[in-house]
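Below: one structure, written as structure tokens.
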2 protein chains.
Amino acid sequence: MDGSLGLERTERQGEVLDAALALLVEGRERFTMESVARRASCSKETLYKWFDDRDGLLTAVVQWQASKVRPGAYDAANLTASALRASLEDFAVTWLGVVSGPPSIALNRAAAAHAGGGKAELGQILLSEGRFAIGARVKPLLEAAREAGLLSFDDSETAFRTLFGLVARDVQIRLLLGDRPAIDIAREAAKAADQFLTLYATPKPQKGPHP
Amino acid sequence: MDGSLGLERTERQGEVLDAALALLVEGRERFTMESVARRASCSKETLYKWFDDRDGLLTAVVQWQASKVRPGAYDAANLTASALRASLEDFAVTWLGVVSGPPSIALNRAAAAHAGGGKAELGQILLSEGRFAIGARVKPLLEAAREAGLLSFDDSETAFRTLFGLVARDVQIRLLLGDRPAIDIAREAAKAADQFLTLYATPKPQKGPHP
DNA sequence: GTCGAACCGTACCGTACGGTACGCTGCAAT
DNA sequence: ATTGCAGCGTACCGTACGGTACGGTTCGAC
């Protein structure tokens with residue numbers, strides 16, 4: 001999956017979506033068709049033509065931003081204990097940086113509100129481009145580390161969810177609820193990696209079961 | 001704090017708030033002054049008289065429900081390793097049960113949406129009656145366990161946040177975004193308690209893990 | 001130059017909703 | 001019985017917003 005879902009946008013459409021996103025992120029003004037049109041210097045009619053309706057516009061904005069912050073892959077070759085630790089820490093730093101950023105906060109709030117009415121579409125997009133995409137990138141790393149004898153676990157999904165919890169803690173929910181927790185990302189990331197390794201690193205540094 | 005904040009409600013007011021809450025939780029109908037009045041069989045004028053405006057009503061609803069689910073205290077006397085484990089597990093079960101319940105989901109969504117406009121009041125209420133109230137109950141347990149030589153940590157806040165992360169993992173955010181993760185609460189709670197003890201239990205002086 | 005498509009700006013429509021006003025009923029106190 | 005008040009139901013007002021219509025402008029194709 002490349003995230004485009006066959007929805008290529010023209011340059012102008014990208015500008016409009018950026019403007020809409022900025023509006024949503026700032027939060028100074030309500031996200032209304034008119035405010036988007038004004039901000040993007042386009043007509044409402046164009047918005048309706050391109051994105052069908054308000055929901056379509058919102059969906060396109062979420063899609064647009066989510067596809068911009070695809071997580072990077074982690075090198076699973078030549079894994080050493082220190083390289084693994086570095087990758088875990090890097091994942092944690094990146095993730096904390098993204099979710100504590102205003103775009104993530106605004107989009108997640110919008111999606112949560114959207115899910116309040118029956119519609120779960122925005123949430124699904126954010127989850128599949130965020131949480132699940134990340135899982136898909138990190139799990140191979142974990143499995144490679146297991147292969148290399150560095151980690152031991154039964155289920156990589158379970159292991160990843162533990163890592164996720166150790167990194168996230170209460171940060172995301174507090175941010176979504178309007179709290180502004182002071183977090184030292186580097187420090188928290190290091191601690192999370194540390195704790196994860198404490199839980200999952202194989203007891204003794206040995207070579208794996210497959211020489 | 002007893003959670004009342006000097007806001008005693010008459011029985012009738014409680015009924016109205018229950019009706020409003022039910023409306024919010026079901027999500028079938030928009031949360032509007034008229035729909036609340038209809039559902040509660042009261043007049044809009046009464047709503048405005050009692051709760052000032054829509055925000056006041058929403059705040060009262062959040063206050064009302066949040067104060068109903070105060071976390072219980074954990075017995076910190078005669079702590080043994082198994083009693084500690086049981087308390088941790090109990091906390092995890094309770095917390096997962098609450099946050100995966102429709103009222104919590106609906107209220108958190110409403111608060112997140114509310115925080116989208118500058119207003120963080122609902123979020124603050126939920127955090128102080130939820131996350132922080134729980135922390136205030138659990139931290140004494142952790143400190144007592146440290147006193148009893150069962151745990152070792154520097155900062156109980158940090159330790160609690162780790163416990164929080166191990167219990168919550170990705171559950172709450174997925175629920176808020178409309179996903180319906182299938183979780184086995186008892187199992188996840190046990191695992192979280194297990195992992196927390198692995199991270200924070202003081203190494204046993206002599207007893208080997210394999211008798 | 002002419003044509004047509006795309007798009008901008010704005011005016012407009014219908015509705016939903018927050019908030020107010022008012023008349024009516026039931027009830028408790030005197 | 002009279003009075004006063006709390007509260008129900010409903011009608012009403014103003015506005016904000018989703019969605020549509022339309023005239024004017026730019027620009028590329030021919």
Side-chain angles (χ1 to χ4, degrees), chain A residues 7-62 64 106 109-111 113-119 121-122, chain B residues 7-62 64 106 109-111 113-119 121-122:
Chain A
L7 290 176
E8 292 301 327
R9 300 291 183 191
T10 68
E11 187 179 345
R12 177 65 181 135
Q13 287 175 338
E15 292 173 20
V16 170
L17 290 174
D18 280 332
L21 180 66
L23 199 69
L24 198 63
V25 168
E26 294 169 13
R28 303 179 54 91
E29 205 174 349
R30 295 242 321 167
F31 187 86
T32 179
M33 299 303 275
E34 193 204 341
S35 65
V36 170
R38 192 175 344 109
R39 179 65 167 263
S41 293
C42 72
S43 72
K44 283 170 65 177
E45 193 164 13
T46 300
L47 292 182
Y48 284 102
K49 176 169 189 173
W50 287 347
F51 309 108
D52 289 341
D53 53 13
R54 188 178 185 277
D55 263 21
L57 174 57
L58 217 37
T59 304
V61 170
V62 171
W64 182 248
R109 278 177 184 157
H114 208 73
K119 299 167 278 190
E121 188 176 358
L122 295 189
Chain B
L7 289 176
E8 292 301 328
R9 299 291 182 191
T10 68
E11 187 179 344
R12 177 65 182 136
Q13 286 175 339
E15 291 172 20
V16 171
L17 290 175
D18 280 331
L21 180 65
L23 200 67
L24 198 62
V25 168
E26 295 170 13
R28 303 178 56 91
E29 206 174 350
R30 295 243 317 166
F31 187 87
T32 178
M33 300 304 276
E34 194 205 339
S35 65
V36 171
R38 192 175 344 109
R39 178 65 168 263
S41 293
C42 72
S43 72
K44 283 170 64 175
E45 192 164 14
T46 301
L47 292 182
Y48 284 103
K49 176 170 188 173
W50 285 347
F51 309 109
D52 289 342
D53 55 13
R54 188 178 186 278
D55 263 22
L57 174 57
L58 217 38
T59 305
V61 170
V62 171
W64 182 248
R109 279 177 184 159
H114 208 73
K119 299 168 279 190
E121 189 177 358
L122 296 188

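Predicted model only: the values in this text are computed from it and were never measured. Proteins get letters first, then strands, A, B, ... in listed order; numbering begins at 1 in each.
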Do B/Ser35 and B/Thr32 have a side chain donor and acceptor closer than 3.5 Å? no

Does B/Ser41 or A/Asp52 map to a spot on DNA chain D nearer the 5' end, using the closest nucleotide for each? B/Ser41

For B/Arg12 and for B/Lys44, locate the closest nucleotide of DNA chain D by heavy-atom distance; then report the residue assigned to the nucleotide nearer the 5' terminus. B/Arg12

Taking NZ, NE, NH1 and NH2 as the nitrogens, is one of them in A/Glu34 or A/Arg39 under 4.0 Å from a carboxylate oxygen of the other? no

A/Glu15 bridged to A/Arg9 by N-O distance under 4.0 Å: no

[N] [atom2] sits how many Å from [X] [atom1], rounded?
X       : N      : atom1 : atom2 : value
B/Glu34 : C/dG18 : CD    : P     : 9 Å
A/Asp53 : C/dT15 : CG    : P     : 18 Å
A/Glu11 : C/dA6  : CD    : C1'   : 16 Å
B/Arg54 : D/dA16 : CZ    : P     : 16 Å
A/Met33 : C/dT15 : CE    : P     : 19 Å
A/Phe51 : C/dC7  : CZ    : C1'   : 13 Å
A/Leu47 : C/dA6  : CG    : C1'   : 14 Å
A/Lys49 : D/dG19 : NZ    : C1'   : 16 Å

Comparing nearest nucleotides in DNA chain C, the 5'-proximal residue of the pair A/Trp50, B/Tyr48 is A/Trp50

Non-hydrogen side-chain atoms of A/Gln13 and A/Glu8 separated by less than 4.5 Å: no

Report yes if the side chains of B/Leu57 and B/Trp50 come closer than 4.5 Å at any heavy-atom pair, otherwise no. no

Counting only side-chain nitrogens and oxygens, does [X] get under 4.0 Å of the OP1 or OP2 atom of [N]?
X       : N      : result
B/Arg30 : C/dC17 : yes
A/Thr46 : C/dA6  : no
B/Ser43 : D/dG9  : no

Just compare C/dC7, D/dC8, C/dC8 and give me whichever is closest to any side-chain atom of A/Cys42. C/dC8

